[in-house]
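Each remark here refers to the structure printed beneath this line.
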Amino acid sequence: STNITGIAGVTATSFSGSGENLTNIKLQETDLWTITADSTNTTWDDRDNDVLGGGSFGVSIARCTTTQNALFAKQGTGMSYSSGVFTFPSTGTYEVSANLFYRPSESLYKLTELFMQLTTNNSSYSTIAKTYAYSQDTDTHPIILAPIQLTVTNTSLQKIRFTAFSDSTNMFFKGATDVIFSSFSFKKLA
């Protein structure tokens with residue numbers, strides 16, 4: 001081990017050891033996107049093609065604003081978004097999660113499912129993560145997709161989207177521009 005003193009402006013590009021005593025380390029990329037208004041009350045019946053923000057279901061998604069959270073600030077470039085598809089700003093390992101609120105139109109015992117889908121060719125998508133929730137009334141309910149780790153090696157081919165299914169005849173996702181109800185979180189870990 002070598003101790004060097006009196007040298008200013010040194011930057012390390014790698015280190016060895018556990019890193020347990022490192023300080024002032026922040027994530028390179030963090031971003032938060034939200035549903036900005038209650039979506040259309042509709043039938044979500046196709047797990048593969050009912051894309052949040054990508055069709056006629058009235059799901060409006062935009063980056064979080066300081067009106068929703070006065071202390072929000074994305075770190076780095078941030079995600080890109082278009083018609084339901086999220087594109088990563090750079091290669092690396094990301095943690096992605098979704099925390100949404102939904103409301104079914106029926107007071108019967110109903111299922112709602114949320115899926116994360118991945119494309120590796122910028123064309124066809126496959127489901128890589130799924131969560132579900134049951135409701136027994138028409139109140140608003142949470143549905144949470146726990147953090148999923150993705151190692152992105154090609155940002156033009158590897159993208160994600162979220163799809164939904166509900167056995168309620170009509171269901172909508174909760175959103176607003178002045179508070180966060182439903183959100184999608186992205187963190188670059190390495």
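Because only heavy atoms are used, hydrogens play no part in the values below, and waters and symmetry mates are left out as well, while side chains stay in. What you are looking at is a predicted structure, and each value in this text was computed from that prediction instead of being measured.
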Does the plane of the ring in Phe86 sit parallel, tilted or perpendicular to the ring in Phe162? Use 30° and 60° as the thresholds.
perpendicular
Do the rings of Phe88 and Phe186 sit parallel, tilted or perpendicular, given the 30° and 60° boundaries?
perpendicular
Between [X] and [Y], is there a donor-acceptor pair closer than 3.5 Å when you use the side chain of the first and the backbone of the second?
X	Y	answer
Asp38	Gly175	yes
Asp50	Asp45	yes
Glu29	Thr77	yes
Glu95	Ser185	no

Is it true that the side chains of Thr120 and Gln158 contain a donor and an acceptor less than 3.5 Å apart?
no
With no hydrogens and no angle check, just 3.5 Å: does a side-chain donor-acceptor pair link Thr34 and Ser183?
no
Are [X] and [Y] joined in one hydrophobic group, where the rule is that I, L, V, M, F, W and Y side chains link up if heavy atoms are under 4.5 Å apart?
X	Y	value
Met171	Phe181	no
Phe101	Phe165	no
Leu114	Ile148	yes

For Lys188 and Asp31, what are the C-alpha separation, side-chain angles and deciding distance, and is it a side chain to side chain contact (heavy atoms under 4.5 Å, CB included)?
CA-CA 9 Å; Lys188 185 173 182 182; Asp31 207 354; over 6 Å; no
Within-4.5 Å side-chain heavy-atom neighbours: Ile143 and Thr131
yes
Measuring only between side-chain heavy atoms, which start at C-beta, is Gln136 closer than 4.5 Å to Ser107?
no
Quick one: name the residues clustered hydrophobically with [X], using the 4.5 Å side-chain heavy-atom rule over I, L, V, M, F, W, Y, and just say none if it's on its own.
X	answer
Leu157	none
Ile180	Leu32, Phe72
Val85	Tyr125

Please assess Phe57 against Ser39 for the test side chain to side chain contact (heavy atoms under 4.5 Å, CB included), listing each intermediate value before the final yes or no.
CA-CA 7 Å; Phe57 301 103; Ser39 68; 5.8 Å; no
Distance col, row Lys187:NZ vs Ser97:OG, nearest 0.5 angstrom, shows 6.5 Å
Show, in sequence, the C-alpha distance, side-chain angles and deciding distance for Ser105 and Thr169, and conclude whether the side chain to side chain contact (heavy atoms under 4.5 Å, CB included) test is met.
CA-CA 7 Å; Ser105 63; Thr169 56; 3.5 Å; yes
Test side chain to side chain donor-acceptor pair (under 3.5 Å) on Thr91 and Thr153; report intermediate values, then the result.
CA-CA 5 Å; Thr91 59; Thr153 58; over 6 Å; no
Give me each pair satisfying ring pair (Phe, Tyr, Trp, His ring centres under 6.0 Å) with a member in residues 131-156, each pair once, sequence neighbours excluded.
Tyr102-His141, Tyr109-Tyr134, Tyr132-Tyr134
Nearest heavy-atom approach of Leu111 to Asp167 is N-OD1, 2.7 Å
Evaluate Asn170 against Thr43 for side chain to side chain contact (heavy atoms under 4.5 Å, CB included), listing each step before the verdict.
CA-CA 5 Å; Asn170 286 288; Thr43 302; 4.2 Å; yes
Pair listing, salt bridge (Lys or Arg N to Asp or Glu O under 4.0 Å) test, anchored in residues 98-119, at least two apart:
Arg47-Glu113, Glu106-Lys110, Glu113-Lys130
May I have all residue pairs that pass salt bridge (Lys or Arg N to Asp or Glu O under 4.0 Å) and include part of residues 155-165, sequence neighbours excluded?
none
